[in-house]
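What follows is one structure encoded as structure tokens, with my remarks underneath.
We use all heavy atoms of the structure for the numbers below, so side chains are in, but hydrogens, waters and symmetry mates are not. Residue numbers count from 1 along this sequence. What you are looking at is a predicted structure, and each value in this text was computed from that prediction instead of being measured.
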Amino acid sequence: MNSDLSIPQSLSQCQVKGVPYSGEHLLVRPATIEDAPALAMVIVQSFHRYSDVRQWFVPLLRLGIGEDLRYRLRSLPNGHHACFVACLSDSRGSGSMIVGTVEVTVKYLHSRAITPIKMPYISNLAVDPQYRRLGIARQLLNRCEVQVKRWNYSSIALHVLEHNDAAKALYGQCGYHTQYAERQLSSWIFNQPRRLFLQKNLSL
Ligand SMILES: CC(C)(COP(=O)(O)OP(=O)(O)OC[C@H]1O[C@@H](n2cnc3c(N)ncnc32)[C@H](O)[C@@H]1OP(=O)(O)O)[C@@H](O)C(=O)NCCC(=O)NCCS
């Protein structure tokens, strides 16, 4: 993938949030295998709250997620699968840090339906808790949508848990609409939140 696809954007709000950086730029670019450890950290911090996970388990979890990512990143050129990272970099180019990630894959959805359809599907969208509400997730979603159009698909889908208010607000703001709530036996028996299936039409 070309580096010219990166989307630099000034993040002046960082100062408003009191984040200890100045003059950063947000760069959304394709992930590399070297990014795997940093991506694993963002994912662990985002999806597995430290308070929920025993401290000794965190390094193991990171290792597992990092290995899994490395495997997927290695097989990237073989199909319709992309992983992007959001990096905050110093305008002098003296350093950058990964603060967000997202993946998009073309895969069969509704696999048990009579006519399963292939569709680009977003997963693992995560932004470092310290850098939220700066528009980073919106930029990552935009980048996925650009990629999906290049693959010649006109819609994109994802799942979100019904109690994830932040993600639901983000997707709503970005034009994703709920199609249905999945009825899974486990959510009924164990009183777990349902998964909502959302879709966005990119041809509009
Ligand atoms: C959901 C998540 C990715 C949002 O990342 P983010 O970079 O903070 O989102 P953005 O700054 O791009 O938000 C864009 C818009 O989404 C909405 N939004 C995002 N977070 C919100 C929140 N906590 N509460 C209400 N609205 C929110 C707002 O409308 C926001 O625009 P605004 O800040 O101008 O009001 C982030 O909270 C996260 O990593 N959560 C944990 C992992 C996760 O749940 N991933 C999604 C799985 S489906």
Side-chain angles (χ1 to χ4, degrees), residues 1-50 58-59 61-105 120-151 156 158 164 166-167 169-171 173-174 176:
M1 255 169 274
N2 299 330
S3 53
D4 64 345
L5 297 179
S6 305
I7 307 169
Q9 195 204 352
S10 173
L11 278 186
S12 53
Q13 301 101 311
C14 279
Q15 283 140 17
V16 178
K17 294 252 166 180
V19 174
Y21 284 87
S22 59
E24 299 90 339
H25 286 75
L26 180 69
L27 186 77
V28 176
R29 61 162 173 81
T32 65
I33 292 177
E34 290 70 39
D35 295 327
L39 291 184
M41 187 64 188
V42 172
I43 289 173
V44 169
Q45 284 177 327
S46 297
F47 288 106
H48 311 271
R49 276 181 302 156
Y50 280 86
V58 170
L61 195 60
R62 273 180 59 192
L63 203 69
I65 293 174
E67 276 311 305
D68 193 40
L69 276 165
R70 234 188 287 271
Y71 173 77
R72 290 208 298 281
L73 290 170
R74 229 178 265 132
S75 52
L76 272 184
N78 302 329
H80 286 165
H81 175 209
C83 178
F84 298 105
V85 292
C87 303
L88 274 183
S89 55
D90 193 291
S91 53
R92 289 159 301 171
S94 54
S96 87
M97 68 186 275
I98 288 175
V99 292
T101 182
V102 68
E103 286 180 58
V104 58
T105 316
Y121 181 81
I122 285 181
S123 60
N124 272 347
L125 173 64
V127 173
D128 183 324
Q130 258 202 299
Y131 295 89
R132 292 195 180 154
R133 299 304 291 268
L134 296 170
I136 294 173
R138 208 170 14 217
Q139 293 285 328
L140 285 163
L141 287 176
N142 279 345
R143 184 60 190 83
C144 288
E145 292 168 18
V146 169
Q147 188 62 49
V148 162
K149 285 182 186 166
R150 287 174 185 207
W151 290 337
I156 190 164
L158 55 87
N164 191 343
L170 164 74
Y171 297 135
Q173 211 213 43
C174 292
Y176 290 74

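Partners of Asn164 according to the side-chain hydrogen bond (donor to acceptor under 3.5 Å, both in side chains) rule, which considers only residues two or more places apart in sequence or in another chain, do not exist here. Remark: Ala137 pairs with Leu125, Val127, Leu170 by the side-chain contact (heavy atoms from CB on, under 4.5 Å) rule, at least two apart or across chains. With sequence neighbours excluded, the residues that form a side-chain contact (heavy atoms from CB on, under 4.5 Å) with Ser123 are Glu103, Tyr121.
When side chains are defined from C-beta on, Thr101 counts as touching Cys83, because their heavy atoms get closer than 4.5 Å. The shortest side-chain heavy-atom distance between Gln139 and Phe84 does not fall under the 4.5 Å cut-off. Between Leu26 and Ile136 the shortest side-chain heavy-atom distance falls below 4.5 Å. Put simply, the side chain of His81 does not reach to within 4.5 Å of the side chain of Val104, judged on heavy atoms. Counting only heavy atoms from C-beta outward, the side chains of Phe47 and Leu61 never approach each other to under 4.5 Å.
Atom CG of Asn124 sits about 8.0 Å away from atom CD1 of Ile65, to the nearest 0.5 Å. Residue Leu27 holds its CG atom at 5.5 Å from SG of Cys87, rounded to the nearest 0.5 Å. For the atom pair CZ of Arg62 and CD of Gln45, the computed distance is 8.5 Å after rounding to the nearest 0.5 Å. With rounding to the nearest 0.5 Å, the separation of SG in Cys174 from CG in Leu158 is 10.0 Å. In this structure, CD1 in Ile33 is found 11.5 Å from CG in Leu39, a value given to the nearest 0.5 Å. For the atom pair CZ (Arg150) and CD (Gln147), the distance works out to 6.5 Å, reported to the nearest 0.5 Å.
Minimum interatomic distance between Glu145 and Tyr176 (heavy atoms only, all atoms of both residues): OE2-OH, 2.7 Å. Minimum heavy-atom separation, Gly100 to Leu140: C-CD1, 3.9 Å. Looking at every heavy atom in both residues, Ile98 comes nearest to Ala38 through CD1-CB, 3.9 Å. Closest approach of Pro37 to Glu34, counting heavy atoms only: CD-O, 3.4 Å. When all heavy atoms of Gly66 and Ala36 are compared, the closest pair comes out as O-CB, 3.8 Å. In terms of heavy-atom proximity, Val102 sits nearest to Cys144 at CG1-SG, 3.4 Å.
A salt bridge links Asp35 with Arg29: the closest approach of a Lys/Arg side-chain nitrogen to an acidic carboxylate oxygen falls below 4.0 angstrom.
Side-chain atoms of Ser46 never come within 3.5 Å of backbone atoms of Ile43 as a donor-acceptor pair (strictly under, hydrogens ignored).
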